[in-house]
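A short write-up of the structure that comes next.
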Amino acid sequence: MVFSKSLSAEEFNPEVIMNSGQVFRMKREIPGAHGMPDTYSACSGDNDVYFYLNKDNDTWDFVCEEAQWDFWQRYFDFETDYVSFNDSVRASSDKFLKESLMDSFGMRILRQDLWEVFISYIISQNNNIPKIKKSIQVLCDRYSDGIHFPKPDVLAFIPETELMDGTALGYRADYIIGVSKGVLDGSIDLEKISSLPYDEAYNALIKIKGIGPKVANCIMLYGFHFMESYPIDTWMKKIITEDYSSYSKDEYLNYINESYIGFQGYIQQLQFYHKRKKK
DNA sequence: AACCAGGCTAAAA
DNA sequence: TTTTAGCATGGT
C-alpha cells in the first residue's frame, strides 16, 4: 500500500535524518531499487517501510502495510510542525544554531522502537558511529533475519564470549546480556518507563547497569520522544566550550531550556549534525 | 601510531 | 559528593 505525503525539503530530508546519529539502520537503497532512482528504507520493531520522492506529483510516497501506516506517521513525527519552530530559530540571534539549521533542513526527531534504541545506545558509549552501525548490523545478521533487530529472548542467552567475538561490542556485550535478561524477567519494562514523567523515567534508566546520563537521554529522546531531552556527548561538549564560550555550562543549559521549550532535543540534533559535518 | 569515539562502572579522594 | 582509572575495539 502506498501512502503519499506532500513534504517540503525543509519538512523532510532522509539524508539529513539518517546521517544525524539518531538512527543507525535507515539507509538509501541502491539506485533502481523498487524501480525508483533514490529509495530509502527503514525498519523498526516489526514494521517495515520504503519511501522515495515521487517526481510526478512532488510527494513522498511511503510503501508499507496498511496497518503499519499509523506507526510510521508517528515514527517520522509528522504531527509536529518543525518548520514553524525553525522560524523562531531564524528569528533568534544564536549564530551557531542558525548556521546549524541552514545545514540540516529536513531534520526530524524519530520515534523509534524502544528495544532497538535501548540496545543501540548502550552500544554507542565510548564508540564511533561507523563502528556502532557495524556492530548493530552483525547482531541483526547473526541473531535475526538480517533486517529486523534481535529480540531480548535471543540476546539474553548468548554466551558472553560468543557475543564479543566478531561483533566489536567489547565490554558492552555484558551490558546487553544483562538488560536482555532484565526485560525478559520483567524487572525492566521499557513501555512502563516511557510513560513516566521525565525525572522518574531518567532515574529509572540510570539505575540500569550500562546506562548513564548520556545514554539515558538518548533513549528518552529517540525512543520515548521526550523532546526536552538534551544528550551531551563529546561533540556537544566541544560545541559548548568552542561555540558558546561566553556561557558557563550551566548558563548555557539554562539558555537552551528557557529559549527552546519542547524542542531542546531537536536543537541538539541540529547542532550535533552540523558540528560533526564541519570536522 | 597515537588518539578518539553519541560514556559507564566502581574505586578513590 | 566529585574525581579518576580502566575498559574493548575499530575509526581517523
Side-chain angles (χ1 to χ4, degrees), chain A residues 16-26 96 100 103-104 107-110 112-114 116-139 141-142 155 158-182 188 202-244 248-250 252-253 256 264-279:
Chain A
V16 166
I17 294 170
M18 75 183 192
N19 293 315
S20 70
Q22 65 172 305
V23 60
F24 302 108
R25 270 162 17 89
M26 185 182 292
F96 183 79
S100 300
D103 204 19
S104 52
M107 184 75 78
R108 312 185 73 82
I109 301 298
L110 305 177
Q112 301 178 58
D113 176 71
L114 303 188
E116 180 166 348
V117 165
F118 190 62
I119 298 298
S120 294
Y121 282 90
I122 287 174
I123 294 172
S124 80
Q125 62 187 82
N126 201 34
N127 209 340
N128 58 61
I129 291 177
K131 186 158 158 267
I132 296 164
K133 288 181 175 174
K134 283 182 183 172
S135 290
I136 293 173
Q137 191 56 52
V138 172
L139 289 182
D141 289 341
R142 208 189 275 182
L155 297 182
I158 304 168
E160 186 182 349
T161 52
E162 180 189 324
L163 191 52
M164 286 182 76
D165 182 37
T167 60
L169 287 171
Y171 63 92
R172 307 167 193 85
D174 177 52
Y175 299 152
I176 291 171
I177 294 165
V179 299
S180 297
K181 288 182 170 159
I188 299 173
Y202 177 82
N203 288 327
L205 285 175
I206 62 171
K207 278 191 191 123
I208 299 167
K209 187 175 173 186
I211 297 181
K214 190 271 171 183
V215 168
N217 271 297
C218 284
I219 294 166
M220 293 174 75
L221 181 56
Y222 308 128
F224 303 168
H225 210 260
F226 280 85
M227 288 286 268
E228 67 267 46
S229 292
Y230 192 85
I232 297 177
D233 72 320
T234 54
W235 291 96
M236 293 306 298
K237 281 178 186 164
K238 252 180 259 180
I239 288 173
I240 295 173
T241 58
E242 293 175 10
D243 302 294
Y244 293 89
S248 71
K249 189 185 173 186
D250 285 348
Y252 172 76
L253 290 177
I256 292 293
Q264 295 97 317
Y266 172 63
I267 293 290
Q268 176 271 159
Q269 205 63 35
L270 301 178
Q271 295 170 314
F272 177 83
Y273 179 80
H274 179 55
K275 189 71 173 180
R276 230 168 63 85
K277 201 172 166 187
K278 280 210 295 191
K279 278 284 175 168

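Order of the sequence lines fixes the chain letters, A, B, ..., with proteins taken first and strands second; residue numbering starts at 1 for each chain.
Ring stacking holds between F272(A) and dG6(B), with the centres under 5.5 Å apart and the planes within 30 degrees of each other.
If you check distances only, the side chain of Y121(A) never reaches the base of dG7(B) with a donor-acceptor pair under 3.5 Å.
Between dA5(C) and dG6(B), the distance separating the two P atoms is 23 Å to the nearest Å. The separation of dG11(C) from dC8(B), taken at their P atoms, amounts to 22 Å, rounded to a whole angstrom. Comparing dT12(C) with dG7(B), their P atoms sit 15 Å apart, to the nearest whole Å.
F24(A) and Y121(A) have tilted rings, their planes meeting at an angle from 30° to 60° on a 0 to 90° scale. Classification of the Y244(A)-F96(A) ring pair by plane angle, with boundaries at 30° and 60°, yields perpendicular.
A distance-only check finds a donor-acceptor pair linking the side chain of Q268(A) to the backbone of G265(A) [under 3.5 Å]. Side chain of Q22(A) to main chain of L110(A): a donor-acceptor pair is present (N/O by atom type, distance under 3.5 Å, no hydrogens or angles). Under a 3.5 Å cut-off, the side chain of R25(A) and the backbone N or O of K133(A) do not form any donor-acceptor pair.
When rounded to the nearest whole Å, the span between NZ of K277(A) and C1' of dG6(B) equals 18 Å. Taking atom NZ on K237(A) and atom P on dC4(B), their separation rounds to 13 Å, with Å as the unit. The distance between atom NZ of K275(A) and atom P of dA5(B), rounded to the nearest whole Å, is 12 Å. In this entry the distance linking CZ of F118(A) with C1' of dC8(B) reads 14 Å, nearest Å. One can place CG of L205(A) at 12 Å from P of dT9(B), the figure rounded to the nearest angstrom. Protein atom NZ of K238(A) is 10 Å distant from nucleotide atom P of dG7(B), rounded to whole Å. Taking atom CG of D233(A) as the reference point, atom P of dC4(B) lies 15 Å away to the nearest angstrom. Atom C1' of nucleotide dT9(B) and atom CD1 of I208(A) are separated by 15 Å, given to the nearest angstrom.
Nucleic acid contact for Y222(A): base, since at least one base atom lies under 4.0 Å from a heavy atom of the residue. When heavy atoms are screened at a 4.0 angstrom cut-off, S120(A) is found touching no nucleic acid atom at all. As judged by a 4.0 angstrom heavy-atom cut-off over every strand, I122(A) is placed among residues making no nucleic acid contact.
Aromatic ring centres of F226(A) and Y202(A) lie farther apart than the 6.0 Å criterion allows.
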Open item on the list: How would you summarise protein contacts on nucleotides 4-12 of chain C per nucleotide, using B for base, S for sugar-phosphate only and - for none, with heavy-atom distances below 4.0 Å?
Closed with: ---SBBBSS
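With salt bridges taken as basic N to acidic carboxylate O contacts below 4.0 Å, none links D243(A) and K238(A).
Within the structure, every side-chain polar atom (N or O) of S124(A) is placed at least 4.0 Å from both OP1 and OP2 of dG7(B).
Taking the nucleotide of DNA chain B with the nearest heavy atom to each of Q268(A) and G210(A), the more 5' of the two is matched to Q268(A).
Side-chain contact between D103(A) and K278(A): absent, with no pair of heavy atoms (C-beta onward) separated by less than 4.5 Å.
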